[in-house]
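Note sheet for the following structure.
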Amino acid sequence: MILCVRASIILAARKNSRFLKTRTCSSASSIRFERDPESRYSFFDGQRANLNSNALKLVFCTILEIFAENDLMRSTYSVMERAISVDLHGIVYVLVDGYVSSEASIKLLDLLLWIYTKGSMIELSLSTFGKMVHNGFAQDVKNCNRILRVLRDRNLVTKEGEVQEALDLLLQMQERGCAPNDVTYNVLINGLSKKGELEQATGLIEEMLNLGLKVSAFTYTPLICGYCKKGELDEALDIGLENLREAFLLFDELRSGHLICTLEVEMIHQGVLPDVFTYTILVNGSCKMGNLRMAKELFDEMLREGLQPDCFAYATRIVGELKLGDTSKAFSPQEEMLAKGIPPDLIIYNVLVDGLCRLGNLKEANELLRKMVQDGLVPGHVTYTCIIHAHSENGHLRESREVFYEMLSKGLSPSVVTYTVLIHAHAGKGRLELAFMFFSEMQEKGILPNVITYNSLINGLCKVKRIEQAYKFFADMEEKGLCPNKYTYTLLINENCNLGNWHEAFRLYTQMLDRGIQPDSCTHSALLKQIGKDYKLHAVQYLENLK
DNA sequence: ATAGGGTTAG
């Protein structure tokens, strides 16, 4: 059988090369490939280069066809991956053009789209899907679901538009008779939940139930996740109100606990049992909302249910223990994991290194790094960023730079977070020249600064009263399409108040309200800093009520 | 190997 297939491939390849030679000799530019996006080659290099690239596509497609027809999907996969790795994206034209048998092209196009979507190659996914639809190859709901995920994620990353585009596709699917299924809805519910559109997400669950579609852990998990994130945002509001802080915390605890329990009960009511994914989110959400007791209870509940926690679940638990400041308890799951044959991964180590750094145990953190390397793991950019951060927080700017250069020498690419940590530290300590150096260096490397990066610079500039320059960066970020947040405004309001520029401070305050940016009590404190202490709290409460 | 949910750093 294998020999037979091999022989066919060789024969097919030979047949193709003859076919192509004929084409070349007759000097007819391939009719079949007129629409080839790589046709610009022929512009510079004559027909030969163009045909060579096409020849390669035909050979690849022939091999793929033979593998697919014989159901050798593993081999098909690796050949397809090879074709993509040498940028032969044009094979999609061969596949939709009817050059290979329709049975094989369906399989091959599915596979091609799968590879593109799995690798989040957004434009290639969309263009391939478009060609498939155009040629009647995309009737499969699975393909639609893959594209839905891509559209959803693109929307979430760029923050432009809505998950709307994906919702539109859902409508189109319904119109074309390609019935959306439970997976379709799950993808959309996930997108809406991540955007905080929880009511709309709940509405889709109702729609699913009405349609008799299967509601599962896949459906509820993102929604629970969304509620957890909302709780986290709410909690941020009470920073700075130390006589009211505890009351807020208690309130949040009750509310979030209640919501999470309701959802959990609802899931069980629907016959959906929470699994490791669900529990991980619940534990994480409880941690983030500061309810560490509930986090622990949920983790234990997961064990009682007979579920086997994995690295994700353990990482979440360790974060919780570290928040409680208990180093020994944070390290104990490691033994448990080893006993169960789940070796701690890079993220587990990152969490532990960061935890030790935050507790000021830089020495222990370094020992852990050595152990990590012994275990065959390589510290990554997050690991280094944690250590750089630790040095910065301790005011050791020189050390933080040294670790940064060590990181570069290991061939690791710093992220926007790494640079932001460095910029924040240097700008905050008045070392603005170094901060600016890092700021331009990151952009030269194509790492885009974000709101936090700009806030770090604005903070440093305000501190040394270079407010004009702070405004320049404020304008610069807006030009780049970055939206200033409540911290950006609070920094500028604060400095204007320090300088007695009340008019400007209130102008900024009005502007942020107009833009729908919620101020917090820090903004209000900054604004009212000069008012007598007795009146201050009343004034803050008054403003809080206003919004 | 052909869809869908979860973990770390500013």
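Letters A, B, ... are given to chains in the order of the sequence lines, protein chains preceding strands, and every chain is numbered from 1.
A salt bridge is absent between A:D300 and A:K296: the closest approach of a Lys/Arg side-chain nitrogen to an acidic carboxylate oxygen does not fall below 4.0 angstrom.
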With sugar-phosphate taken as primed atoms, P, OP1 and OP2 and all else as base, the protein-contact string of nucleotides 4-10 of chain B at under 4.0 Å (heavy atoms; B, S, -) is BBBBBBB
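Counting heavy-atom neighbours within 6.0 Å of A:K323 NZ, excluding the residue itself, gives a total above 12.
Between the CH2 atom of A:W114 and the C1' atom of B:dA3 there is a distance of 11 Å, given to the nearest Å. Spacing between atom CG of A:L113 and atom C1' of B:dA3 amounts to 11 Å, rounded to whole angstrom units.
What you find for A:N394 and A:L362 is that their closest heavy atoms are ND2-CD1, 3.6 Å.
Between A:H391 and A:H396, the ring planes lie tilted relative to each other; the angle falls in the 30° to 60° range.
Ring centers of A:F404 and A:Y419: under 6.0 Å apart, within the cut-off.
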